[in-house]
Amino acid sequence: METIAVYWEPKPKTYGFNEVTNLSLLNIEITEEKMDQCGLWLIEMADLEISFHLVLAKYLDNKKLRLYILIEKCFEDNVLSHVGKHVDFELEKDFTITSPVELICFQGPHFGDRYGIADTVLNTLDSQDMQVLITVCSGSTVYIVLPEGVLGAARHFLSKAFEVP
Amino acid sequence: MRINGIKLSNELAQINLLNSYDPYALRGLFFRLLQENQINTPFVLVTGMEKKIQSSCCVDKKDINRVKKMAAIEPSLKENIELISDVGSLTLFPHHSNLKLLGLSFYIFGKTKLPIYGMASSISSLTFITDYSKLNYAFSAFQKHMDLSSNNTLLEPEIHVIQKKF
């Protein structure tokens, strides 16, 4: 039996914005052949109790991915020293850190099942010429990674496009 | 490693939007047309840091012909869209913001030679996009490596949500 819920709201509701500053964005290119090694490397990093705010991997080309990990800036030295211990692993060849960066994320009812959410987010920020590093819509959550200093403006414009409690 | 559940999606198609001479305008046009055509994108990744692909998103398989029609009448879109048909998502939860589940997942994908076309975390889950035809194989591989809760709960209730203007 299928249950169908019909839904419409002129301005999408959210459960409120979450904002985090002082973050670092790690960025690693990985090939399909090195995927398992990269996995082991991440498991070792987990043992250092480095937690993340967001992870994503974007398909590049030729069976390559770019993995992004958004962490607290205070973990940056730990990560760098961990990467330094894997000189023969060649991960560091394509490893960069962008820091500091900021995150604004929010959820809304059935966001993952509704058209137009991504368009509203992108259109809101693009129309203000805001520099955005990453936008992710995954499940019911929207994540926006921004350069330092623009989070307040992003919140201002997003709160005009989305209903905030 | 103990997890509470794995969820497999219906058949999807991944659309990669390539970089063009005006990537912002192209992206704006693409997502606006998706919105106007009432096409949902349950998974979207946008980054401005890669040379070839600027954005990726997934749509339900039933919507792919509408996306193709939409692109066919817009030359800039037609030239800058790359389609990976027959993909599906595998969602694991919860991740507890810990890199261990991500690492183990990459290890399993690497060892089983399963492709990853995209991946992102959500508030409590990790979603991987891979070949739809290999989802059950992926599920078996994850079952072997992970201690899956005996009642493998679904991530969300099986309610189909439709947006409509009244």
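Below, read A as the first sequence line, B as the second, and so on, with proteins coming before strands; counting in each chain starts at 1.
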Greatest number of non-hydrogen atom pairs under 4.5 angstrom with chain B, of A/I50, A/V142, A/I69, falls to A/I50
Turns out that what part of B/I39 lies under 4.5 Å from chain A's heavy atoms comes down to backbone
Max heavy-atom pairs within cutoff under 4.5 Å with chain A, candidates B/G118, B/P115, B/S121, B/A120, goes to B/S121
- Is the B/F128 to B/F109 ring centre distance short of 6.0 Å? yes
Under a 4.5 Å heavy-atom criterion, the part of residues 26-33 of chain B in contact with chain A comprises B/R27, B/G28, B/F31, B/R32
- Please check if the side chain of B/N80 supplies one atom and the backbone of B/S76 the other of a donor-acceptor pair under 3.5 Å. yes
Using side-chain heavy atoms (C-beta onward) and a distance below 4.5 Å, is B/L99 in contact with A/F52?
yes
Honestly, the part of A/L48 sitting under 4.5 Å from a heavy atom of chain B is neither
Checklist entry - Would A/K64 and A/E32 pass as an ion pair if we require N to O under 4.0 Å? => result no
Turns out that what part of B/I129 lies under 4.5 Å from chain A's heavy atoms comes down to neither
Q) Would you say the side chain of B/L34 lies within less than 4.5 Å of the side chain of B/V67, judging by non-hydrogen atoms? A) yes
Check ion pair B/K62-B/E11 (N to O, under 4.0 angstrom) | no
Max heavy-atom pairs within cutoff under 4.5 Å with chain B, candidates A/S51, A/S127, A/C105, goes to A/S51
Check: Taking atom types as modelled and ignoring hydrogens, do the side chains of A/R66 and A/N27 form a donor-acceptor contact shorter than 3.5 angstrom?
Finding: yes
Most contact-rich option vs chain B, by heavy-atom pairs under 4.5 angstrom, among A/T141, A/L40, A/I43, is A/I43
Applying a strict 4.5 Å limit to non-hydrogen atoms, the region of A/I71 in contact with chain B is neither
Applying a strict 4.5 Å limit to non-hydrogen atoms, the region of A/E49 in contact with chain B is neither
key: B/Y117 versus B/N16, side-chain donor and acceptor atoms under 3.5 Å   = no
Without hydrogens or angle criteria, can the side chains of B/T47 and A/K58 be said to hold a donor-acceptor pair below 3.5 Å?
yes
Okay, B/S89 and chain A: the region with an atom under 4.5 Å from a heavy atom over there is neither
Taking the six-membered ring for Trp, are the ring centroids of A/Y143 and A/H53 within less than 6.0 Å of each other?
-> no
For the residue pair B/S125 and B/T91, confirm or rule out a side-chain donor-acceptor distance under 3.5 Å. no
Cut-off 4.5 Å, heavy atoms of chain B, and the answer for A/I144 is neither
Next item on the list: Check the hydrophobic clustering (I, L, V, M, F, W, Y; side-chain heavy atoms under 4.5 Å; chains of links allowed) and say if A/L122 and B/F43 are grouped together.
Entry: no
Bottom line for B/K111: the part with an atom under 4.5 Å from chain A's heavy atoms is both
Residues 128-139 of chain A vs chain B, non-hydrogen distance cutoff under 4.5 Å, contacting residues -> A/L133, A/I134, A/T135, A/V136, A/C137, A/S138, A/G139
Task: B/F106 and A/Q37, any side-chain heavy atoms less than 4.5 Å apart - done: no
Counting heavy-atom pairs under 4.5 angstrom with chain B, the leader among A/G39, A/G112, A/A57, A/A46 is A/A57
Applying a strict 4.5 Å limit to non-hydrogen atoms, the region of A/D61 in contact with chain B is side chain
Any side-chain donor paired with an acceptor under 3.5 Å for A/E76 and A/S99? yes
